[in-house]
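The block underneath contains the structure these notes are about, expressed in structure tokens.
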2 protein chains.
Amino acid sequence: MESTFAILAEPNRRAILGLLLEQEQSVGAIERSLRMSQPSVSKHLRVLRDAGFVESRVEAQRRLYRLRPEPLMELDAWLAPYRRFWSKHLDALERHLATMDRTPRARRKKP
Amino acid sequence: MESTFAILAEPNRRAILGLLLEQEQSVGAIERSLRMSQPSVSKHLRVLRDAGFVESRVEAQRRLYRLRPEPLMELDAWLAPYRRFWSKHLDALERHLATMDRTPRARRKKP
DNA sequence: CACGTATATAACCTGATACGTATATACCTG
DNA sequence: CAGGTATATACGTATCAGGTTATATACGTG
């Protein structure tokens, strides 16, 4: 877990992940899409790969990178207790609002 | 969004958030729980507060810090497209497994 | 096999940041 | 109001991460 956030802290890396969300991409494609230098792209991909965010396959001279879900799933898991926290708060807010005016507006959990 | 990850990249800050998950805490309490120096705690709290992760209220000489949900909710929102990505993958995996052996196990979306 | 393309790595520089020490500010109690 | 407690901030330092430039490696094609 330790490094997941550090890795995502880098805007360019997040941008790369965003690109890979659509489909696998070559280094050159990323380089052009994000207007970054080739060594920079390679370095970030190295970091992302070491951390398991992406994997690559070789196609002739190209390397095609694609997303791997695991690290982001861990992030999702890390978030879980906080989700409980804020849903608790939203419930409280809702109850509060329900008490404020006696006319019940859109009811919870039922559109 | 930009800085959310950078802020969470710091392990001590994540630890502080973890503490605040249970209940609001004074600076001194955090200092002792996490065995960090007082200036360090104050500094991290400053960063967390500036980014909206926490808020404080004054009680005599103490300042009690508590969690604010918004930034983590944004993080949750950021994660959404990736969740779609991996659930798509898990579905594919499931279909694959279903093809492997013809005995259908627990069925999708219906417990 | 020489050359171009695609990607990775090395070396170096620089800016950001986290820590510790020291000090300032605020509040409470006798 | 003096002294203690609680927290914030200033400052100096060391570490680290990201960018650029230059070079290495690998593959394809004439």
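Convention: sequence-line order gives letters A, B, ...; per-chain numbering from 1. Predicted model, so just to flag it, every value in this text is computed and none were measured. The analysis underlying the following values was restricted to heavy atoms, covering all of them including side chains, and did not include hydrogens, waters or symmetry mates.
Applying the salt bridge (Lys or Arg N to Asp or Glu O under 4.0 Å) test between E24(B) and each of R63(B), R68(B), R62(B), R66(B) identifies R66(B) as the sole match. A side chain to side chain donor-acceptor pair (under 3.5 Å) with S42(A) is found for one member of Q38(A), H44(A), R46(A) and no other, namely Q38(A).
At a threshold of 4.5 Å between non-hydrogen side-chain atoms, the residues I30(A) and L45(A) count as touching. Counting only heavy atoms from C-beta outward, the side chains of S56(B) and R49(B) approach each other to under 4.5 Å.
Of all the residues in residues 16-36 of chain A, S26(A), V27(A), G28(A) reach under 4.0 Å from DNA chain C with at least one non-hydrogen atom. Non-hydrogen atoms lying under 4.0 Å from DNA chain C are contributed by Q61(A), R62(A), R63(A), Y65(A), all within residues 55-65 of chain A. Contacts between residues 38-49 of chain B and DNA chain C, defined by a heavy-atom separation under 4.0 Å, are made by P39(B), S40(B), K43(B), H44(B).
Counting to the nearest Å, the C1' atom of dA8(C) and the CG atom of D50(A) are 13 Å from each other.
Connection of L64(B) to L19(B) is not established within any shared hydrophobic cluster, with ILVMFWY side chains joined at heavy-atom distances below 4.5 Å, either directly or through further cluster members.
Note on ring orientation: taking the six-membered ring where Trp is involved, the planes of F5(A) and W78(A) are perpendicular (angle over 60°, cut-offs 30° and 60°).
Closest of all the heavy-atom pairs between F53(A) and L17(A) is CD2-CD1, 4.0 Å.
Looking only at distances, no side-chain donor or acceptor of R13(A) sits under 3.5 Å from a matching main-chain atom of L8(A).
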